[in-house]
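One structure is given here, and the rest of the page talks about it.
Everything numeric here is computed off the predicted structure, so don't read it as measured data. For this chain, numbers begin at 1 and follow the sequence in order.
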Amino acid sequence: MAIILIIDDNETIRDGLAHTIKKMGHRAIVASGGEDGIALVKKRGDIDFVITDLRMDGLDGVGVLARISELCPDVPTMIITAYGTVDTAVTAMKLGAFDFLTKPFSPEVVRLKVERALELCSERRARRRLEGHNEYLQHEADAHHAVAEIIGDSDPIQNVIHMIGRVARAGSSVLITGESGTGKELCARAIHKLSERADGPFIQINCGAIVDTLLESELFGHERGAFTGAIKTKLGRFELACGGTLFLDEIGDVPPAMQVKLLRALQEQEIQRVGGEATIRIDTRVISATNKDLEDEVKSGRFREDLYYRLHVVPITMPPLRDRRSDVPMLVNHFIAKLGPRVNPRVTAIDDDALGLLVAHPWPGNVRELENTIEQALVFADGPTITRDALPPRVRAGDVATTVDVPRQKALPDILDDLERQLIIKAFREAGGVKTETARLLGIKPSALYYKLDKYGIS
């Protein structure tokens with residue numbers, strides 16, 4: 001059902017058109033003049049087609065067409081005129097009208113022209129949405145791999161996978177926290193692909209990578225002429241994500257002034273384009289992510305508390321790689337299989353010595369750093385197996401992860417326990433028995449070190 005606005009100062013014509021449109025199964029709203037009609041357009045934001053008389057007191061049909069072109073250029077318009085000459089038709093078309101009705105007109109003519117106009121409206125909107133989605137097509141092509149690429153069977157990552165399954169279909173806002181490189185975007189994509197919005201778009205924006213002056217336009221879109229360089233109307237990410245999911249990465253970097261507008265959009269589920277006056281309803285699920293501690297940001301006054309709680313309905317924390325070292329062998333094999341055919345097809349495996357170094361490394365850059373390391377190792381590998389020599393110097397000669405013995409003939413969990421115990425003892429000695437320094441060398445929290453010291457009986 002379409003919503004059609006009829007603007008005419010003749011009550012008989014207004015009522016006749018409204019009756020015909022209602023019989024077609026559409027909704028008709030009426031205005032007795034140009035100013036009233038434009039006020040309805042601004043207020044509603046959901047009008048699909050406008051029919052306006054050409055000659056009216058006050059704002060006439062020419063003015064209405066000009067304002068409609070500014071407010072909602074995708075909405076087709078049709079002129080009503082009693083002067084059905086060729087010159088009149090040409091003038092109406094130059095003003096941007098889709099077609100014109102010559103008085104008197106029959107219901108059959110109205111039905112035919114309205115149907116054609118609504119088809120045009122649908123085509124225009126589909127074309128505009130397609131244009132907006134083109135830059136995101138690569139992200140869409142990769143989205144179906146999202147769940148499969150969350151690799152690991154350790155308790156921390158399995159807890160995340162379990163949470164994803166629980167929250168995906170809930171439809172609530174999700175805040176994903178974690179250090180850079182832990183896989184926050186993969187988590188967001190997995191939630192989207194498992195949700196009821198999976199057939200809709202997944203649109204993302206890195207809030208920290210866009211200058212403050214352009215962020216509002218990127219989120220909410222802008223109208224033609226809203227600012228220098230705005231040569232055409234552009235849909236924002238909220239509109240592009242309608243029916244799907246909007247991923248706000250690095251949400252902690254949103255400036256205070258923008259936080260207010262973002263909060264309003266989330267609360268009201270409606271937006272206004274930059275330079276526009278129409279209110280646009282949105283149907284978008286929001287998933288946000290940050291590597292900052294937003295609670296600290298709230299306490300310091302840099303992040304709005306009300307926005308924090310609006311985003312923080314369901315929290316998910318992506319664990320750092322150092323807290324799930326048992327997943328490193330699985331991740332390494334995954335990256336060899338993923339990158340090997342493109343980078344170095346000869347390589348199909350990694351030896352125990354090199355794998356031990358990778359497990360021992362603290363990985364400040366987390367999974368992203370590990371993936372980059374495997375790609376580099378594939379480039380420098382001389383044979384079918386990655387060896388120590390192919391690894392980057394920072395891994396071969398790390399502060400702690402050197403000269404450790406990788407046990408043989410043991411199950412992987414036992415190997416990892418032995419390796420972890422050796423690393424803790426080595427770091428403990430290098431730190432002179434100072435536990436906080438030992439934790440720093442290992443790249444873990446002091447509380448985690450105390451647990452491991454007790455676990456392995458190290459004193």
Describe, in one word, how the ring planes of His312 and Tyr309 are oriented to each other, choosing from parallel (under 30°), tilted (30 to 60°) and perpendicular (over 60°).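 Aromatic pair His312/Tyr309 classed perpendicular.
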Below 30° counts as parallel, above 60° as perpendicular, anything between as tilted: where do the rings of Phe49 and Phe98 land?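 Answer is perpendicular, since the angle exceeds 60°.
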About how many Å separate [atom2] of [Y] and [atom1] of [X], when rounded to the nearest 0.5 Å?
X      : Y      : atom1 : atom2 : value
Leu357 : Ile386 : CG    : CD1   : 12.5 Å
Ile424 : Leu449 : CD1   : CG    : 6.5 Å
Glu297 : Asp253 : CD    : CG    : 8.5 Å
Asp353 : Leu358 : CG    : CG    : 10.0 Å
Phe238 : Leu262 : CZ    : CG    : 5.0 Å
Leu40  : Ile47  : CG    : CD1   : 6.0 Å

Under a 4.5 Å cut-off applied to non-hydrogen side-chain atoms, are [X] and [Y] in contact?
X      : Y      : result
Leu321 : Thr182 : no
Ile38  : Lys42  : yes
Val367 : Ile151 : no
Ser69  : Arg224 : yes
Pro319 : Ile157 : yes
Phe380 : Asn344 : no
Ile4   : Asp48  : no
Ser173 : Leu311 : no

Any chance [atom1] of [X] has more than 12 other-residue heavy atoms, nucleotides or ligands included, within less than 6.0 Å?
X      : atom1 : answer
Arg27  : CZ    : no
Glu305 : CD    : no
Lys43  : NZ    : no

Side-chain donor or acceptor of [X] paired with backbone N/O of [Y] under 3.5 Å:
X      : Y      : result
Arg273 : Gly221 : no
Asn159 : Asp155 : yes
Arg325 : Val359 : yes
Arg281 : Glu268 : yes
Gln376 : Leu391 : no
Trp363 : Pro320 : no
Lys435 : Tyr450 : no
Lys452 : Arg421 : no
His334 : Gly152 : no
Asn366 : Arg368 : no

Could you go step by step and tell me if Asp327 and Ser154 meet the side chain to side chain donor-acceptor pair (under 3.5 Å) rule? CA-CA 6 Å; Asp327 291 332; Ser154 65; 2.5 Å; yes
Give a yes or no on whether a salt bridge exists between [X] and [Y], defined as a side-chain N under 4.0 angstrom from a carboxylate O.
X      : Y      : value
Arg285 : Glu196 : no
Glu115 : Arg111 : no
Asp283 : Arg197 : yes

Between [X] and [Y], does any side-chain donor sit less than 3.5 Å from a side-chain acceptor?
X      : Y      : answer
Arg237 : Thr284 : no
Ser180 : Asn291 : yes
Tyr456 : Glu420 : yes

For the residue pair [X] and [Y], what are the closest heavy atoms and their distance?
X      : Y      : answer
Cys242 : Ile282 : SG-CA, 3.9 Å
Ala337 : Pro341 : O-CD, 3.2 Å
Arg388 : Ala354 : N-CB, 3.7 Å
Ile21  : Ile6   : CD1-CD1, 3.7 Å
Cys187 : Met318 : CB-SD, 3.8 Å
Phe220 : Ala265 : CE2-CB, 3.9 Å

So which of Leu378, Ile374, Asp382 actually passes side chain to side chain contact (heavy atoms under 4.5 Å, CB included) with Val347?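 Result for side chain to side chain contact (heavy atoms under 4.5 Å, CB included) with Val347: Leu378.
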Under the criterion side chain to side chain contact (heavy atoms under 4.5 Å, CB included), which of Leu294, Leu246, Val174, Ile251 is the partner of Ser288?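 With Ser288 as partner, side chain to side chain contact (heavy atoms under 4.5 Å, CB included) holds for just one option, Ile251.
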Pick out which of Glu223, Glu216, Glu218, Glu239 makes a salt bridge (Lys or Arg N to Asp or Glu O under 4.0 Å) with Lys234.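 Result for salt bridge (Lys or Arg N to Asp or Glu O under 4.0 Å) with Lys234: Glu218.
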Test log, rule side chain to side chain contact (heavy atoms under 4.5 Å, CB included), inputs Glu369 and Arg394: CA-CA 12 Å; Glu369 182 188 0; Arg394 71 180 187 281; 3.1 Å; yes
Candidate pair Lys292 and Glu250, rule salt bridge (charged side-chain N to carboxylate O under 4.0 Å, His left out), full reasoning: CA-CA 8 Å; Lys292 294 183 176 181; Glu250 303 302 343; over 6 Å; no
Would you please test Val41 and Val75 for side chain to side chain contact (heavy atoms under 4.5 Å, CB included) and show each step? CA-CA 10 Å; Val41 171; Val75 175; over 6 Å; no
Partner of Arg264 by side chain to side chain donor-acceptor pair (under 3.5 Å), out of Gln269, Gln259, Glu270: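 Result for side chain to side chain donor-acceptor pair (under 3.5 Å) with Arg264: Glu270.
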After noting the C-alpha distance and the side-chain angles of Arg67 and Glu277, does the key distance pass the side chain to side chain contact (heavy atoms under 4.5 Å, CB included) rule? CA-CA 11 Å; Arg67 297 298 301 279; Glu277 299 178 359; 4.0 Å; yes
Salt bridge (charged side-chain N to carboxylate O under 4.0 Å, His left out), that's the test. Do Glu375 and Arg342 meet it? Break it down for me. CA-CA 10 Å; Glu375 182 167 2; Arg342 173 175 61 85; 3.5 Å; yes
